[in-house]
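To keep things clear, I will list the structure first and then write my remarks on it.
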Amino acid sequence: MCSILSTRLLNICISSFCKLQRLDKAEAVIIDGIRLGVLPNVVTYNALVDAYCRFVGIEAAYAVVRRMQVAGITPNVITYNSLLAGASRQCQLSLSLDIFEEMLNLGISPDLWSYNTLMHCFFKLGKPDEAYRVFQDIILNNLSPDRTSFNTLLNGLCRNGYTDNALMLYRNLKRHGCELELITYNILIDGLCKAGRLKAARWILKELENSGYIPNAITYTTVLKCCFKSRKFEEGLEIFWEMKSKGFTYDAFAYCTVAGAFAKRGMLKEANDCMEAMLKSGISPDIVCYNTLMNLYCKEGKFEAAYKLLDTMADEGFECDNYTHAILIDGLCKAGNVEEAQRHMKLISSTGSITNLPAFNSLLDGVYKAGHAEFAMKLFKLSKMKDEFTYSSMVHNLCKERKFRSASKLLLSCLKNGMNILKSAERAVIRGFRDSGFRRGARELQSKIRMVKFLQYETVDHEMLRESFWFRQIATPFLCHGPWNIPLVMYNAFMYRSERTKVFAAAYCCLLRNKLQSHR
DNA sequence: CTAGAATTAG
């Protein structure tokens with residue numbers, strides 16, 4: 001009895017030190033405990049594994065797992081959930097899969113947390129199919145998805161372009177009387193805002209308030225960002241003042257959003273004031289704040305200050321990320337110092353192997369604008385990674401040189417690759433043809449664009465239809481009130497796929513179960 | 001395990 005109590009005390013001690021990121025202290029306490037005859041158990045080691053995952057790395061966490069095995073303690077689901085969450089946090093998909101497999105091999109059956117984490121990981125990596133398969137697994141393993149499962153699903157659907165499916169899932173959850181959390185509404189509002197569907201977002205905001213919740217700082221920041229994105233600057237500022245008066249500016253989020261919006265409008269003084277107000281209110285800057293400041297210094301042309309900021313960041317223990325480098329490289333290019341930008345690009349590509357497409361895009365644009373058109377074209381052709389900005393920048397630059405034929409070729413190849421191009425780039429080429437007297441060329445290009453888009457849309461659309469259908473069927477098994485209300489078309493599809501029918505039935509049963517439980 | 005901020009264009 002005594003030893004159980006002591007181990008419990010030990011665990012409380014360990015978990016406190018782990019939360020404070022004092023892993024050295026935690027380790028010391030374990031050694032002291034062993035010396036005094038208090039042996040650590042699974043709980044002790046699990047706290048350590050989680051802390052190592054969060055603050056050090058997966059490898060270090062695995063070292064703890066090996067240590068516990070040596071000590072004769074078998075890792076359990078919670079150990080593996082921590083490892084899984086750690087890998088997911090770092091977006092290491094293959095590692096997550098390995099961990100999951102290892103877990104299965106050891107005969108540890110995953111619980112809801114394991115599945116939720118895995119699902120989140122797949123969504124984060126832009127693999128909604130895999131994520132959906134995980135959701136299927138939850139049901140096939142006779143587990144009931146909880147609120148977090150649905151929140152993760154909603155968030156993942158929104159982030160992967162399935163806003164409609166997310167909305168449908170939301171409606172069905174609501175219709176079945178599931179109690180929604182504030183976070184659920186926030187997820188949806190953010191997803192809808194980012195998809196540019198302001199009307200729907202406003203509607204959900206209203207439903208949030210109708211269900212008795214009060215919008216929190218996150219809701220406000222989401223709406224704030226949305227205002228600036230849709231160029232409702234004044235409205236955004238008003239919301240910011242409201243946030244201030246309600247005490248929702250206790251962290252850096254709102255300040256960085258507003259400062260970023262000011263900077264984009266060229267109102268550098270106001271942006272600076274905003275950041276200064278933030279620092280004055282005692283918020284300690286994080287990496288995003290530093291990047292926002294970096295952007296301001298670059299836009300103002302204060303490169304000395306920018307480099308000094310790099311030193312400050314290093315002193316404070318912050319490592320530069322892709323944003324930092326992209327901002328600096330873009331700033332240097334826009335200031336006409338392409339050589340320095342190239343030097344910095346070389347520096348970051350020599351130290352890390354991570355690709356930084358925004359930085360590359362800025363540099364490419366800078367090189368072209370500095371008069372090295374051929375070199376830029378060579379870089380463009382050599383690069384494997386291209387996005388809509390890469391193409392748009394090239395098209396714009398070609399148009400400036402009045403090379404409309406090459407520009408239109410590039411534009412069409414961009415669309416054929418299934419990528420969008422900025423509307424401005426499209427307009428530039430068409431206007432270019434028209435203004436230089438090639439009215440027919442302009443018309444031809446327009447119809448070609450329409451054609452390519454149509455073909456693209458056709459293939460994409462079928463894909464989307466099918467996808468959305470499966471999502472509706474499984475991820476939102478509550479689309480219909482019951483199997484008896486399924487539209488005939490869907491019913492036929494169920495008949496073809498007995499396995500999916502089974503999943504649907506299981507999902508429906510589990511929903512009923514949840515409903516019954518919540519009524520009790 | 002789930003929600004908000006920072007970069008490229010216009």
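A note on names: the letters A, B, ... follow the listed sequences, proteins ahead of strands, and every chain is numbered from 1. Computed from a prediction, not measured in an experiment: that's the story for all the values here. All values below come from the heavy atoms of this structure, side chains included, with hydrogens, waters and symmetry mates left out.
A:A217 comes within contact range of at least one nucleobase, with a heavy-atom separation under 4.0 Å. If you check every strand for non-hydrogen atoms under 4.0 Å, A:N295 touches sugar and phosphate atoms only. Residue contacts shown for A:L422 include a base, since a base heavy atom lies under 4.0 Å away. As judged by a 4.0 angstrom heavy-atom cut-off over every strand, A:I183 is placed among the base-contacting residues. A:A85 comes within 4.0 angstrom of the backbone, heavy atoms only, and of no base. Among the atoms of the strands shown, only primed sugar atoms or phosphate atoms (P, OP1, OP2) are found under 4.0 Å from some heavy atom of A:H396. Residue contacts for A:T117: at a heavy-atom cut-off of 4.0 Å it reaches the sugar-phosphate backbone alone, with no base atom in range. Looking at heavy-atom distances under 4.0 Å, A:T222 makes contact with sugar-phosphate atoms alone, never a base.
Taking atom OH on A:Y220 and atom C1' on B:dA3, their separation rounds to 16 Å, with Å as the unit. What separates CG of A:D251 from C1' of B:dA6 is a distance of 14 Å, to the nearest Å. Distance A:K194 NZ to B:dA3 C1': 10 Å, rounded to the nearest Å. Here B:dA9 presents its P atom at 12 Å from CD1 of A:I327, a figure rounded to the nearest Å. Here B:dC1 presents its P atom at 18 Å from OH of A:Y80, a figure rounded to the nearest Å. Atom P of nucleotide B:dA5 and atom CG of A:D321 are separated by 14 Å, given to the nearest angstrom. Between A:I287 atom CD1 and B:dA6 atom C1' there is a gap of 9 Å when expressed in whole angstrom units. One atom, CE of A:M345, and another, P of B:dT8, lie 15 Å apart when rounded to the nearest Å.
For the OP1/OP2 pair of B:dT8 and a distance below 4.0 Å, the side-chain nitrogens and oxygens of A:K369 include no atom meeting the criterion. Side-chain nitrogen and oxygen atoms of A:R147 include none within less than 4.0 Å of the OP1 or OP2 phosphate oxygen of B:dA3. Neither OP1 nor OP2 of B:dG10 sits under 4.0 Å from any side-chain N or O of A:R427. Residue A:K229 has no polar side-chain atom (N or O) positioned under 4.0 Å from OP1 or OP2 of B:dA6.
Side-chain atoms of A:T257 lie closest to B:dA5 of the nucleotides B:dT8, B:dC1, B:dA5. The side chain of A:Y323 lies closest to B:dA6 when the candidates are B:dA5, B:dA6, B:dC1. The listed nucleotides are B:dA6, B:dC1, B:dA9; the one nearest the side chain of A:N291 is B:dA6. The side chain of A:I187 lies closest to B:dA3 when the candidates are B:dA3, B:dA6, B:dA5. Taking the side chain of A:V288 as heavy atoms from C-beta on, and the options B:dA5, B:dT7, B:dA3, the nearest nucleotide is B:dA5. Checking B:dT2, B:dA9, B:dC1 against every side-chain atom of A:K264, the shortest atom distance belongs to B:dA9. Nearest to the side-chain atoms of A:K225 among the listed nucleotides B:dA9, B:dC1, B:dA5 stands B:dA5. The side chain of A:D365 has B:dA9 as its nearest neighbour among B:dA9, B:dT7, B:dC1.
With salt bridges taken as basic N to acidic carboxylate O contacts below 4.0 Å, none links A:K206 and A:E209. Using a 4.0 Å cut-off between a side-chain N of Lys or Arg and a carboxylate O of Asp or Glu, A:E207 and A:K174 qualify as a salt bridge.
Taking the six-membered ring wherever Trp is involved, the centroid distance between the rings of A:F100 and A:Y80 does not fall below 6.0 Å. Aromatic pair A:F262/A:F233: centroids less than 6.0 angstrom apart. Between A:Y115 and A:F135, the ring centre distance reaches or exceeds 6.0 Å. A distance below 6.0 Å separates the ring centres of A:Y290 and A:F318.
Interatomic distance, A:K346 NZ to A:L363 CG, rounded to the nearest 0.5 Å: 10.0 Å.
In this structure, A:Y250 and A:R231 both approach DNA chain B, and ranking their closest nucleotides by distance from the 5' end singles out A:Y250.
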